[in-house]
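Each remark here refers to the structure printed beneath this line.
In what follows, chains are A, B, ... by sequence order, proteins preceding strands, each numbered from 1.
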Protein chains: 2
Amino acid sequence: MARATKEQSEITGRRILEVASALFADRGYAAVGLTEVATLAEVTRGAIYHHYASKQGLFQAVTAAAQQRVADEVERAADSCPDDWQGLLAGCRAFLSAAVADRNRRILLIDAPAVLDWTTWRAQDGAASGRHLVEALTTLSADGVLRVRSIESTAALLSGAMNEAALHIATAPDPGVTLDEVVDDLSRMLGALRSSPVEDEVSGSVQDLGSGAVSVVGGQEVVADQ
Amino acid sequence: MARATKEQSEITGRRILEVASALFADRGYAAVGLTEVATLAEVTRGAIYHHYASKQGLFQAVTAAAQQRVADEVERAADSCPDDWQGLLAGCRAFLSAAVADRNRRILLIDAPAVLDWTTWRAQDGAASGRHLVEALTTLSADGVLRVRSIESTAALLSGAMNEAALHIATAPDPGVTLDEVVDDLSRMLGALRSSPVEDEVSGSVQDLGSGAVSVVGGQEVVADQ
DNA sequence: TAATTTACATACACGCTGTATGTAAAACGA
DNA sequence: TCGTTTTACATACAGCGTGTATGTAAATTA
């Protein structure tokens, strides 16, 4: 059989990864066998084991790619904001939006913590979106805008809150939890961490978040109409 | 071989469940085979499949038991509080404390969402600890103490926040995230959801929980007596 | 007490992961 | 350019784990 060149090999590797990503996202890690991945990628299982060390290794590459996609969107959203505080809020909204996406949801929020061991998963998360959150909280804390007991614990709380919320947004029965509702309630909670409310920022951040109804940034004074 | 009576059969079922619970909690669902469960329970795999429909069915029974344990502790803590707001905070602390326990952590926080399908898992969670959270938020909202956009989204945010925080508390490198830090930061966030500080309701923690600006030390002292 | 159900044990079929081996062409050095 | 080495897979095989079918003796029931 004709052997492929280096570039073709790389293409094969990506094709395997994309096929696996789609299958894992659709039916979960355990329910997908490598034979199915191989056939859909038009290779044999031998090719998979040539490009990736194991099924876990393939999955880890899949999660890394998904993490990167989410992190890119978060960074893009945060960077387009004038100040750090709005950047944090925009980043949270971007994370929610990206995590809800079909290609990322099951992989990142459900399977990854169970398949990958804790240290591996934490390292990947820290290298991607988690790092942004910690950095944002750190600078805000250093600037005196944020007042928290522990940045690490706050980051964990926020990260977990958004993860779980993303799942509820995605698999909502009929009109269940919506993204706007979550962003609204999350903004209220974040507002509590501000050392002092800044009035004039409120108006600008409302349209910035685009949450449709009402957003709460400076304090918790705004009430949401249905 | 001598066949067992009904009572002995029930005992056998519980022994299988306890052995499986310990193994799943220690090494995770995927890494534990039913042969090991059988040998440690001093039965054969046939006995397991007689008492439980499948490996998933056994795991579901394990998760239900763990959920029950956690829910019991949460209810006990919440009921021993004078008012509903403190009950919420105490319940959150109790949940964190129970979720960190070795017997519950991996089962409830890592494996269950991946092994059980979403509807099954949500139904079990709603029947146990999740229900308490929603009920607490509902009554607080009805009494005007709580001001949120959506109770469901808030419950999801809080639940996810505590889940992730519990993992960070449990697997913390050296002096990592501690329970007190998490409870403190969580209390700050929850403080933002109070519609307005009620003077006569909470004696000591009037100004601290009402606005997110000021420190939360007073509010934490109420809950964190440990 | 005879019939039936129960509470397991035993044996087997099947799928999936991982590994060892084979192979032909690409990459590489002289 | 030519021989050697490495690469990029395909093929074949071993082992484990779930699930299921079957057997069996005692407990339960009529």
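- For the pair B:Ala4 and A:Glu10, nearest-nucleotide mapping onto DNA chain D gives the more 5' position to A:Glu10.
- The 12-atom threshold is not exceeded at CZ of B:Arg103, counting heavy atoms of other residues, nucleotides or ligands nearer than 6.0 Å.
- Residue B:His50 has no polar side-chain atom (N or O) positioned under 4.0 Å from OP1 or OP2 of C:dC8.
- Side chain B:Arg3 to base D:dA26: a donor-acceptor pair is found below 3.5 Å.
- Across all strands, B:Gly33 comes closer than 4.0 Å only to sugar-phosphate atoms, never to a base (heavy-atom distances).
- For the pair A:Ala53 and B:Ser9, both in contact range of DNA chain C, the more 5′-proximal nearest nucleotide belongs to B:Ser9.
- Protein atom CZ of B:Arg27 is 14 Å distant from nucleotide atom C1' of D:dG17, rounded to whole Å.
- Residue B:Thr44 is classed as a base contact, given a heavy-atom separation below 4.0 Å to a base.
- Classified by interplanar angle (parallel below 30°, tilted 30° to 60°, perpendicular above 60°), the ring pair A:Phe24/A:Tyr29 is tilted.
- With hydrogens and angles left out, the side-chain atoms of B:Gln124 and B:Thr63 include a donor and acceptor closer than 3.5 Å.
- For the pair B:Gln56 CD and D:dT18 P, the interatomic distance rounds to 12 Å; values are reported in whole Å.
- In this structure, the CD atom of B:Gln8 is 12 Å from the C1' atom of C:dC8, given to the nearest Å.
- Note: CD1 (B:Ile11) to P (D:dA27) measures 15 Å, nearest angstrom.
- A:Arg76 CZ: 12 or fewer foreign heavy atoms inside a 6.0 Å radius.
- Which of D:dA8, D:dC9, C:dT17 sits closest to the side chain of A:Leu34 comes down to C:dT17.
- Residue A:His51 has no polar side-chain atom (N or O) positioned under 4.0 Å from OP1 or OP2 of D:dA8.
- The distance between atom OH of A:Tyr52 and atom P of D:dC9, rounded to the nearest whole Å, is 11 Å.
- Atom NZ of A:Lys6 is separated from atom C1' of D:dC9 by 16 Å (rounded to the nearest Å).
- Residue-level contact check: B:Val32 touches the backbone only, with heavy atoms under 4.0 Å from sugar-phosphate atoms and none from bases.
- Within the 4.0 Å cut-off from OP1 or OP2 of C:dC8, at least one side-chain nitrogen or oxygen of B:Thr12 is found.
- In this model, the phosphate group of D:dT18 is not approached by any side-chain N or O of B:Ser54 to a distance below 4.0 Å at OP1 or OP2.
- No side-chain donor-acceptor contact under 3.5 Å links B:Ser97 to the backbone of B:Arg93.
- Counting only heavy atoms from C-beta on, B:Lys55 has its side chain closest to D:dT18 among D:dT18, C:dC8, C:dT17.
- Rounded to whole angstrom, the span from the OH atom of A:Tyr49 across to the C1' atom of D:dC9 amounts to 15 Å.
- Counting to the nearest Å, the C1' atom of C:dT19 and the CZ atom of A:Arg45 are 10 Å from each other.
- Among the protein residues, A:Thr5 comes within range of the sugar-phosphate backbone only, with heavy atoms under 4.0 Å from sugar or phosphate atoms but none that close to a base.
- With a 6.0 Å radius and a threshold of 12 heavy atoms from other residues, nucleotides or ligands, A:Glu135 has its CD atom above the threshold.
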